[in-house]
Asker: 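To start, I am sharing the structure in question, which I have written as structure tokens.
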Amino acid sequence: MNDVLYKNGQIYTVDDSRSWAEAVAVKDGRITFVGSNEDAKGIEAAEVIDLDGKMLLPGFIEAHGHVTWGAIDSLFKISLFGAEDAQYYIDTIKKFVADNPDLPVYEGAGWENPFFGPEGPSRKILDEICSDRPMLMWSHDKHSVWVNTHVLELCGIDKDTTVPAGNVIEREPDGTPGGTLREFAAIALIDSVRPVFTKEHYKKAVDWIQRDLARHGVTAILDPVLDPEEEAIAAIKELNENGELICKLRGAFKSSEIDSYKHIDDFPKIRDAVDSHMFKIDQVKIFADGVVEGKTAYLKQPYEGETYTGDPIWEPEHLNEFCKKVDELGFDIHVHAIGDAAVAMTLDAIDAAKTADPDRDRRPVITHLQIVDPADYHRLADHKVAVVTNPYWHFKYRGFFEDIEVPYLGERAYHEYPMKSMQDAGIILGGASDYNVTPIPAPLRGIQIGATRVGIDEDPNDMELVLAPEERMSVEDMVEVFTKGNAYSMRMDDITGSVEVGKCADFVILEKNIFEVPPEDIYKVKVVQTISEGKVIYEAE
Ligand SMILES: [Zn+2]
């Protein structure tokens, strides 16, 4: 006897032939039957649910979302997301400080570069709000931190302080640090003043975000930066052991080029200690470069009008050795690469690992890929790299596109964030919000923008607005990106990512068939129910 039989649905299975079904049966959290209403007649179930024509899909998957630090930002820091101008930051921080006058440290997150000059926001703005306690404000993409003078003094950052290539201490004309630090090695200088979050903070944060994800139909997500020095891993493990993890969680360990081997022996131990159906850590995150807006992305051709190409964060030899080591330990690499030179350098590192061990079933992940040299497409395909794109960003973001991307990248900006051309080259595509760089991790939003390549409220028929129209994906292909494609990149394709007998009953039920609405209305389609392991984890009111 099955637990549930769903019938009368428009069930898009995302199996290899992208077949449709009308009914699906579930027992003990697993799918036992997929077929027509007619074939379902003999199926017995304790409960029969009439889908009444609604659409049922495999639960959506996010292959790169900062579950832990994103939720910590939302619950425990000053939120600077969603500003219209720089004044908003000042007003928000001032109000928070006035409301919380006794905090020993003020930490915030979410400011964006376009509201400031290329040198980033100034320490002096924060000094005027509070000068006797540390203030540190993360940019929305976590690649920069804005601090007050007190932090610079406490951490001994002055005119003489230097950082490795690829990292930046922004400076005033006389060389005094101006208050903005970019990339990990520069940001690491202020580690000693950062507030420490406890396991209880992380448990609360993860529980909160997994419920939010469920609202958007997400049943699995990968956190790309789990730090062995933080309580995040212990918190997720405990939630899992208590049966409180409702969303499958996969993770990548944080690594850094500075002390790259510091935790290398711990990685396998922690992996084995947490390894379970709902929670696994089997990737290692590597930052190959920075971001275009900080001019820290590593490009093959110089930034527009300059001779500077940006620097790689890792020396190529060092990266090759590290990737080989990670590979030997049985992990997949998960590499942040924004510029085309960073992508190529990562492919060289994969070559090195492959030369050392040609037969390993490796699934390297490269994410973001703002600029990719088409000459590298065949390498991405041959290595079966899971390319985790960020379709949520694939439009001409107002303020960003004209003021930063075009001036910095020139012609390249008009072809940035390729997708369709990579798919046509046989590359395996995944997709992600990079939550909380994207504040709302709703795959229907990513699917819509991937198909239209305009902003969520913009008209896709206005070709002026469309970012690289030749890179538009079909809605079917976008659905595959957020289900099967991501399942591949997270090594979950044997248990989820499609509606097939034997897989987990991870579903999202939508009020209507998204293939029957115009692509620009996909995000308006309501998530009616989200089901994980056969249990309802979200139900619309
Ligand atoms: Zn990220």
Side-chain angles (χ1 to χ4, degrees), residues 61-74 77 81 109-113 138-145 166-167 182-185 187-188 205-206 209 212-213 218 220-227 230 232-233 236 249-257 281-294 296-298 313-314 332-339 342-343 346 364-371 385-394 397 400 416-417 429-443 445-446 449 481-482 485-486 489-490:
I61 306 175
E62 280 271 329
H64 179 124
H66 298 275
V67 174
T68 49
W69 79 24
I72 287 276
D73 281 359
S74 295
K77 293 183 192 171
F81 289 91
W111 62 270
E112 297 184 40
N113 282 284
W138 295 84
S139 62
H140 81 298
D141 61 10
K142 295 286 190 303
H143 284 264
S144 303
V145 176
N167 295 270
R182 301 196 195 274
E183 306 305 334
F184 273 112
I187 294 169
V206 172
I209 187 63
D212 198 50
L213 287 161
V218 175
I221 188 164
L222 180 128
D223 188 322
V225 188
L226 289 175
D227 186 341
E230 291 175 344
I233 296 169
I236 300 169
L249 236 147
R250 297 296 182 261
F253 286 115
K254 177 185 173 185
S255 76
S256 121
E257 78 287 2
I281 310 176
D282 42 27
Q283 299 182 356
V284 174
K285 175 72 181 285
I286 293 164
F287 284 87
D289 67 346
V291 289
V292 167
E293 54 270 33
T296 48
Y298 180 36
I313 288 182
W314 296 64
D332 290 316
I333 54 169
H334 185 124
V335 182
H336 165 117
I338 290 272
V343 174
T346 305
V365 179
I366 306 182
T367 188
H368 308 322
L369 300 97
Q370 187 166 354
I371 306 292
V385 172
V387 166
V388 174
T389 60
N390 301 108
Y392 295 75
W393 310 342
H394 294 185
Y397 187 19
F400 244 69
E416 65 180 7
Y417 295 123
L429 297 179
S433 59
D434 201 5
Y435 170 79
N436 61 350
V437 176
T438 304
I440 307 172
R445 202 177 165 98
I449 300 174
V481 162
F482 279 98
N486 283 344
S489 82
M490 291 153 69

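Note that ligands are numbered from 1 as they come in the structure, with each ligand's atoms numbered from 1 the same way.
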Asker: Aromatic ring centroids of H334 and H336 under 6.0 Å?
Answerer: no

Asker: Going through the distances and angles, do N436 and D73 end up as a side chain to side chain donor-acceptor pair (under 3.5 Å)?
Answerer: CA-CA 9 Å; N436 61 350; D73 281 359; 3.0 Å; yes

Asker: Output the distance between atom OG (S74) and atom CH2 (W69), rounded to the nearest 0.5 Å.
Answerer: 13.5 Å

Asker: Are any N, O or S atoms from H336 nearer to the Zn ion (ligand 1) than 2.8 Å?
Answerer: no

Asker: Taking atom OH of Y397 as the centre, report whether more than 12 heavy atoms of other residues, nucleotides or ligands fall under 6.0 Å from it.
Answerer: no

Asker: Of all the N, O or S atoms in D434, which has the shortest distance to the Zn ion (ligand 1)?
Answerer: OD1

Asker: Hey, is the Zn ion (ligand 1) within less than 2.8 Å of some N/O/S atom on H64?
Answerer: yes

